[in-house]
Amino acid sequence: MENKKRAFSGIQPTGCLTLGNYVGAVKSWLNMQEEFDCIFSVVDMHSITVRQDPAALRKRCMEFFCEYIACGLDPEKSILFFQSHVSQHAELAWILNCFTYMGELSRMTQFKEKSARHADNINAGLFTYPVLMAADILLYGAEIVPVGHDQKQHVELTRDIAERFNGVYGDVFVVPEPYIPPVGARIKSLQEPEKKMSKSDPNPNGYIWVLDEPDVIMKKIKRAVTDSDGEIAYREGKDGINNLLAIYGAMTDKTPQDAAKEFEGLGYGVFKERVGEAVAETLAPIRDKYNDLLKNKDYVESVYKNGAQKASAIAYKTLRKVHKKLGFIQR
Ligand code: TYM
């Protein structure tokens with residue numbers, strides 16, 4: 001029917017959707033909607049590697065889904081769905097588990113970090129999480145996976161798993177490429193600019209939520225940790241300023257270096273105000289659209305049900321092919 005290349009990506013419904021997620025992932029997704037055949041999922045199954053309160057998770061899943069649409073993901077152009085609504089993700093993940101080595105999984109940075117943070121709950125799901133992610137991508141034959149820098153390693157593992165499987169059974173899976181945006185692939189915490197901006201940060205001053213009100217955005221940017229040399233320049237050792245320049249650059253489609261030139265000679269106070277304004281301006285229409293969607297629950301439900309149906313039809317075909325190759329009796 002179409003010859004467009006396919007893109008797949010997803011976000012875990014943990015914490016809240018931050019400016020880091022928006023700049024590192026969602027912004028690329030928006031740019032890809034015309035050119036690619038896009039599939040985007042709220043990957044709820046990934047979020048249970050950490051204990052979740054059921055009521056809070058239910059609310060958050062819906063929040064993330066509405067935020068996808070509010071950010072500009074268009075259900076007429078892209079397939080939008082909840083991962084748990086398409087059972088083939090779990091089915092393929094099991095199969096791929098049998099083609100992934102313990103050694104590979106133990107080298108994953110996110111596993112090392114998360115198991116240190118949740119030392120009392122290092123469950124098998126946390127360990128095999130990247131295999132579920134590989135299943136997400138490979139089920140849809142995605143050629144491109146738009147993600148922030150921290151997910152590059154997982155996409156590389158996906159490539160290794162796909163090539164390994166193809167090596168045994170022939171060309172079953174498309175081997176995907178990560179797409180990492182040139183600006184904003186590593187947005188840092190506003191409070192600890194040497195760490196990434198994380199949606200699970202217990203300190204809300206460290207991140208900007210895409211639905212934050214303009215005055216909250218301004219306050220958080222003004223409180224952002226910088227340095228004491230007073231120079232607006234993009235260079236090593238200036239983590240806080242570099243981060244604000246990357247944020248401003250991502251908001252205005254400039255490189256951080258060009259952004260730095262724009263602010264040359266100005267003080268941090270004025271600079272932060274301009275960054276805050278640029279962020280607030282970008283996020284305002286998202287908040288408005290989100291509030292509209294809250295009044296239109298039937299529409300949202302029709303989008304995710306329809307999305308799951310379409311996703312399932314594609315996933316079913318891939319899984320059927322995989323079963324056949326493995327030697328399972330066809331249903
Ligand atoms: P997650 O939910 O942690 O993050 C979602 C997306 O946001 C990007 N991101 C960032 N980009 C720039 N700066 C930051 N500070 C920042 N923080 C997060 C992430 O790189 C990611 O693109 N395992 C994935 C979710 C996933 C997935 C998939 C992604 C599951 N299956 C299949 C792609 C394809 C994750 O935990 O992302």
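Ligands are counted one by one from 1 in listed order, and the atoms in each one are counted from 1 as well.
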Cation-aromatic face contact K220/Y207, 6.0 Å, 45 degrees: yes
Quick one: table the atom pairs, ligand 1 N or O against protein N or O, below 3.5 Å, distance rounded to 0.1 Å.
from: ligand 1; atom 1: 2 (O); to: Q12; atom 2: N; distance (Å): 3.0
from: ligand 1; atom 1: 2 (O); to: K199; atom 2: NZ; distance (Å): 2.8
from: ligand 1; atom 1: 4 (O); to: N21; atom 2: ND2; distance (Å): 3.4
from: ligand 1; atom 1: 7 (O); to: N21; atom 2: ND2; distance (Å): 3.0
from: ligand 1; atom 1: 11 (N); to: G20; atom 2: O; distance (Å): 3.2
from: ligand 1; atom 1: 13 (N); to: I187; atom 2: N; distance (Å): 2.9
from: ligand 1; atom 1: 15 (N); to: I187; atom 2: O; distance (Å): 2.7
from: ligand 1; atom 1: 15 (N); to: M197; atom 2: N; distance (Å): 3.4
from: ligand 1; atom 1: 15 (N); to: M197; atom 2: O; distance (Å): 3.0
from: ligand 1; atom 1: 20 (O); to: G148; atom 2: N; distance (Å): 2.8
from: ligand 1; atom 1: 20 (O); to: G148; atom 2: O; distance (Å): 3.4
from: ligand 1; atom 1: 20 (O); to: D150; atom 2: OD1; distance (Å): 2.4
from: ligand 1; atom 1: 22 (O); to: G148; atom 2: N; distance (Å): 3.1
from: ligand 1; atom 1: 23 (N); to: Y129; atom 2: OH; distance (Å): 2.6
from: ligand 1; atom 1: 23 (N); to: Q151; atom 2: OE1; distance (Å): 3.0
from: ligand 1; atom 1: 31 (N); to: D136; atom 2: OD2; distance (Å): 2.6
from: ligand 1; atom 1: 36 (O); to: Q12; atom 2: NE2; distance (Å): 2.9
from: ligand 1; atom 1: 36 (O); to: Y129; atom 2: OH; distance (Å): 2.6

Angle class for the F82/Y304 ring planes (parallel below 30°, perpendicular above 60°, tilted otherwise)?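 Perpendicular: the ring planes of F82 and Y304 meet at over 60°.
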Remaining members of the apolar cluster that contains I48, side-chain heavy atoms under 4.5 Å: L57
Do any N or O atoms from the side chain of Y68 and from the backbone of S41 form a donor-acceptor pair under 3.5 angstrom? yes
Check the side chains of Q110 and D150 for a donor-acceptor pair under 3.5 angstrom, ignoring hydrogens and angles.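 No.
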For the pair T18 and N21, evaluate side chain to side chain donor-acceptor pair (under 3.5 Å) and give the outcome as yes or no after the intermediate values. CA-CA 5 Å; T18 68; N21 301 129; 3.2 Å; yes
